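Here the structure is a predicted model, which means the values were calculated and not measured. Letters go in sequence order (proteins before strands), and every chain restarts at 1.
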Protein chains: 2
Amino acid sequence: MLDDLVVRILAEDGDAALRHVGLGMLLATAHNQSREGMNDELRPLDVDVRGLSMLLALDLYGPSSQRRLIDLSGIDKSTMVRIIDELEDGGLVRRERAPQDRRAYSITLTPEGERTLASARRVAVDVGERLFGWLRPDERDQLVGLLRRLAEHTAPR
Amino acid sequence: MLDDLVVRILAEDGDAALRHVGLGMLLATAHNQSREGMNDELRPLDVDVRGLSMLLALDLYGPSSQRRLIDLSGIDKSTMVRIIDELEDGGLVRRERAPQDRRAYSITLTPEGERTLASARRVAVDVGERLFGWLRPDERDQLVGLLRRLAEHTAPR
DNA sequence: TATTGTTATACTCTATAACTATA
DNA sequence: TATAGTTATAGAGTATAACAATA
């Protein structure tokens with residue numbers, strides 16, 4: 001159930017300030033709850049959504065330096081160090097020195113990383129069905145389209 | 001611009017795991033960027049979106065105990081202490097002991113709190129126009145409707 | 001000089017648990 | 001004994017800046 005305050009704020013549809021604040025509150029609730037729902041189910045696999053997104057990036061783009069993962073994802077470089085540390089500690093990726101540039105690593109999925117990725121994908125399907133599966137396909141496309149444009153329009157100037 | 005990784009993930013429309021992860025990434029980006037955009041402009045007024053939401057609650061519901069603000073907003077009680085501390089430090093609210101229950105406060109907007117609320121509402125209108133004003137009214141209604149249902153469906157079980 | 005990655009540090013947001021004062 | 005509020009603490013998540021190794 002939505003909290004009384006946001007319902008009350010959304011009810012004042014004639015007030016532009018409240019419309020904007022209400023939309024922000026809905027974004028916050030939808031985001032926080034869906035991230036928590038996903039992380040809760042991923043926890044037994046010892047990954048979170050950020051770790052999963054890096055496993056996916058390595059699967060989609062192949063072995064990559066941290067610099068490349070940063071460019072692909074927009075994640076801050078010190079945050080990236082910690083994400084890769086956690087994945088390495090869990091045995092899911094290896095840091096190998098890149099032969100052509102000894103400053104850089106080549107981050108590669110280990111066999112266990114591949115297996116964990118496969119499990120995490122199944123978890124993402126199941127949790128995603130619960131979180132988003134009630135949306136009709138056309139509603140989902142609408143939502144993705146609106147959020148995509150929102151993400152572009154809210155980008156820092 | 002959206003990062004390459006989320007674009008790539010969203011492009012794999014046939015893959016259920018990637019569809020769900022991609023939607024989560026869009027929610028995160030839209031939420032984080034819009035909150036930052038709003039907080040950046042509210043900063044000169046010495047409030048953030050959470051403080052503003054409490055000023056709005058006090059305006060909409062009248063003087064209230066912290067307990068009531070917690071029930072209205074779903075915010076944790078130790079977090080509420082700090083939000084009210086900040087507002088009180090800024091002279092925007094006063095803690096008065098509730099006459100009928102001396103454990104509780106009656107949090108009231110000060111005249112300066114009313115003035116700051118009026119300014120913050122104007123800021124919210126301006127920033128909201130930039131963040132959300134490009135949405136057609138029917139698209140905005142669609143988005144609010146979808147996010148509302150999303151917030152209900154993603155609520156912790 | 002510039003770039004890759006690391007570390008130290010700090011700031012935001014949130015939550016838990018132990019505490020006080022009243023009821 | 002239960003409730004309103006406080007404090008200490010900790011945990012995510014993120015960002016900044018100084019640094020080492022390499023280009």
May I ask you to verify if any side-chain N or O of B/Gln66 is less than 4.0 angstrom from the OP1 or OP2 atom of D/dT6?
yes

Closest to side chain of B/Ser65, choosing from D/dT3, D/dG5, D/dA23:
D/dG5

Counting only heavy atoms not in B/Asp46, do more than 12 sit closer than 6.0 Å to its CG atom?
no

Could you state the CZ-C1' distance from A/Arg95 to C/dT4, rounded to the nearest angstrom?
12 Å

How about A/Ile75 and A/Ile70: do any of their side-chain heavy atoms sit closer than 4.5 Å?
no

Of all the choices, C/dT7, D/dG13, C/dT6, which nucleotide is nearest to the side chain of A/Ser78 once you look at every atom?
C/dT7

A/Glu36 CD to D/dA12 P: how many Å, rounded?
12 Å

From the candidates D/dT7, C/dT16, C/dG5, the one with an atom nearest any side-chain atom of B/Asp76 is C/dT16

Is there a side-chain polar atom (N or O) of B/Arg68 under 4.0 Å from OP1 or OP2 of D/dT3?
no

Between P of D/dG5 and CE of B/Met54, the distance in whole Å
13 Å

Should B/Asp71 and B/Arg67 count as an ion pair when the cut-off is N to O under 4.0 Å?
yes

Mind calculating the distance between CZ (B/Arg50) and C1' (C/dC11) to the nearest angstrom?
12 Å

Given D/dA12, is OP1 or OP2 found less than 4.0 Å from the side-chain N or O atoms of A/Asn39?
no

Contacts of A/Val49 and A/Arg103 projected onto DNA chain D by closest heavy atom; the upstream (5') one is A/Val49

Could you state the atom-to-atom distance from CD of B/Glu86 to P of C/dT12 in whole Å?
9 Å

Could you work out which one of C/dG5, D/dG13, D/dA23 sits closest to the side chain of A/Ala104?
C/dG5

With the side chain of B/Asp48 defined as its heavy atoms from C-beta on, choose the nearest nucleotide among C/dC13, D/dT3, C/dA18.
C/dC13

A/Tyr105 side chain, from C-beta outward: closest of D/dA4, D/dA15, C/dT6
C/dT6

So if I take every side-chain heavy atom of B/Val81 and compare against D/dA18, D/dT6, C/dC13, which nucleotide ends up nearest?
D/dT6

Could you check if a side-chain atom of A/Val21 sits within less than 4.5 angstrom of a side-chain atom of B/Val49, using non-hydrogen atoms only?
no

Salt-bridge present (A/Glu12, A/Arg19; N to O < 4.0 Å)
no

Does C/dA23 have OP1 or OP2 under 4.0 Å away from a side-chain N or O of B/Gln100?
no

Under 4.0 Å: is that the gap between some side-chain N or O of B/Arg67 and OP1 or OP2 of D/dA4?
yes

Nucleotide nearest A/Lys77 when distance is taken to its side chain, options D/dA4, C/dG5, C/dT3:
C/dG5

Of A/Ile107 and B/Arg97, whose nearest nucleotide on DNA chain C comes first from the 5' end?
A/Ile107

In short, B/Leu58 meets B/Ile107 closest at the heavy-atom pair CD2-O, 3.5 Å

Counting heavy atoms from C-beta on, name the nucleotide in C/dT4, C/dT6, C/dT22 closest to the side chain of B/Arg102.
C/dT22

Send over the distance from A/Ile84 CD1 to C/dT6 P, rounded to a whole Å.
9 Å

Just how far, in rounded Å, is P of D/dA4 from CG of B/Asp71?
8 Å

Tell me: CG of B/Asp85 to P of D/dA8, nearest whole Å?
12 Å

